[in-house]
Amino acid sequence: MTESKAMILGCSGHSLTPEEKAFFSAERPWGFILFGRNISEPQQISDLVAEMREAVGWHAPVLIDQEGGRVQRIRPPIFQHYPSGQQLGDLYRQDREKGVRAAWLMSRLHAFDLSGLGINVDCLPVLDVPVEGSSNVIGNRAYGGDPATVTAMGWAAAEGLKAGGLMPVMKHMPGHGRGFADSHHELPVVTASRAELEAHDFPPFVAMKDELMAMTCHVVFAAIDSERPATTSREVIDGIIRDHIGFKGLLLSDDTSMNALAGTIGERAANIISGGCDIVLHCNGHMDEMQQVVENVPVLQHQSLLRAKAVLNGFPTADNAEEAAVRAEFDEMFATV
């Protein structure tokens, strides 16, 4: 990862264009992220992942949002349809032990699926704790509406990924559950007091603060910083994420192209770095936007470089679980899903 820049980028299609290969080789993103537009069949995905790493000259992290439910980038017929976080949480509310086991099993299956294609980072677990009336942008992606349920299920999901050799990314720190707007389109503003946030929204992240990677939310917490969303706020990142929550790992922004953020793409990228994030995440693969990103992010350095190295050194070794047995146990739990 010599001289990698503080960014994770997407690409436009099923394979890298000559322009993308040259761009990634010159600009050296620290990692890549895949979306549905990049997916056609297993060999194609494996080839694309290999192309990405070849472009930067090392085994760079390749991320994907493979949660289950409506946020599952690789779908049938390539991989089975997995239940949502809410469906897992429903099982937990019926039988806690069974629910935790189901969350672990599903993540272990994600690890079987993704590692076979060369993907080594899954943006999971979702640790947001929704409140009544909040935007459906989280909705049934959440395990439940109370922090204890979300913590138990999020922990199990992360452990399942790590058991399969994948790195989890907690999201969306310090909590998107109170957002009454979809941050893909507009900026949510949360007016809850800090005491309410500390009691309801932050606890799952506090409990899992020792994980190595997390993603921010594009949400304004008026009690902490009334002007800037968490992604670009020193008050939130230093005061809440680093200090109160105690997270010392690598902090990724949510997608730079989401319209909750103000300014040009270049201004957004600069604000993300100045706000205290370690990595700018840009997902849509639009070359004109990526060119603005690279002009406004530094080479990984200082604490951000140390955190990035800790991630690379912290990839777990997969256990020896047999895929068929794991899949059979999980499928029995969700035979009607």
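Computed over heavy atoms, backbone and side chain alike; hydrogens, waters and symmetry mates excluded. Numbering of residues begins at 1 and proceeds along the displayed sequence. Everything quoted here is computed from the prediction, not taken from an experiment.
- Taking the six-membered ring where the residue is Trp, the centroids of F79 and H110 are separated by 6.0 Å or more.
- E54 places none of its side-chain heavy atoms less than 4.5 Å from the side chain of S25.
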Let me have the donor-acceptor pairs involving side chains of residues 295-303, under 3.5 Å, with sequence neighbours excluded, atom names and distances please.
from: N296; atom 1: ND2; to: Q292; atom 2: O; distance (Å): 2.8

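- Using a 4.5 Å heavy-atom cutoff, the side chains of V280 and I8 are not in contact.
- When each of H176, R178, H172 is checked for a side-chain hydrogen bond (donor to acceptor under 3.5 Å, both in side chains) with D128, only H172 meets the rule.
- For the residue pair Q80/R327, the side-chain donor-acceptor check at 3.5 Å is satisfied.
- With contacts defined as side-chain heavy-atom distances shorter than 4.5 Å, the pair Q86/R141 does not qualify.
- Residue pairs satisfying the side chain to side chain donor-acceptor pair (under 3.5 Å) criterion with at least one member in residues 271-281, sequence neighbours excluded, are listed as follows: R242-D278, D278-S304, D278-R307.
- The hydrophobic clustering, which links ILVMFWY residues whose side-chain heavy atoms are closer than 4.5 Å, places V49 and W58 together.
- For the residue pair S193/E196, the side-chain donor-acceptor check at 3.5 Å is satisfied.
- In terms of hydrophobic clustering, with Ile, Leu, Val, Met, Phe, Trp and Tyr side chains grouped at heavy-atom distances under 4.5 Å, V71 and M173 are assigned to different clusters.
- Partner of D122 under the side-chain contact (heavy atoms from CB on, under 4.5 Å) criterion, out of V169, D65, L161: L161 alone.
- Counting all heavy atoms, side chain and backbone alike, R108 lies closest to A321 at NE-CB, 4.1 Å.
- Side-chain contact check for L124 versus Q66: every heavy-atom pair is 4.5 Å or farther apart.
- Closest heavy-atom contact between I245 and K209: O-CD, 3.3 Å.
- Checked against side chain to side chain contact (heavy atoms under 4.5 Å, CB included), P203 has the following partners two or more places apart in sequence or in another chain: P147.
- I39 pairs by the side chain to side chain contact (heavy atoms under 4.5 Å, CB included) definition with I45, I74, I78, not counting sequence neighbours.
- Side chains of E51 and S15: a donor-acceptor N/O pair is absent below 3.5 angstrom, by distance only.
- Under the 6.0 Å cut-off for aromatic ring centres, Y82 and F334 do not qualify, their centroids lying 6.0 Å or more apart.
- R101 and E97 are not joined by a salt bridge, as no carboxylate oxygen comes within less than 4.0 angstrom of a charged side-chain nitrogen.
- Between G175 and F221 the shortest heavy-atom distance is O-CZ, 3.1 Å.
- Judged purely by distance below 3.5 Å, without hydrogens or angles, the side chains of T256 and H282 never pair a donor atom with an acceptor atom.
- The two residues M290 and G10 make their nearest non-hydrogen contact at SD-O, 3.4 Å.
- Of all heavy-atom pairs spanning D255 and L261, the tightest one is O-CD1, 4.3 Å.
- By the 4.5 Å heavy-atom criterion applied to side chains, P174 and D201 are not counted as neighbours.
- Residue pairs meeting the side chain to side chain donor-acceptor pair (under 3.5 Å) criterion with at least one partner in residues 153-170, sequence neighbours excluded, are E159-K162, K162-E211.
- N284 and E289 form a side-chain donor-acceptor contact under 3.5 Å, judged by distance and modelled atom types alone.
- Taking each heavy atom of N38 and G13 in turn, the nearest pair found is ND2-O, 2.8 Å.
- By the side chain to side chain donor-acceptor pair (under 3.5 Å) test, D95 pairs with no residue at all, sequence neighbours left out.
- By the 4.5 Å heavy-atom criterion applied to side chains, V62 and V121 are not counted as neighbours.
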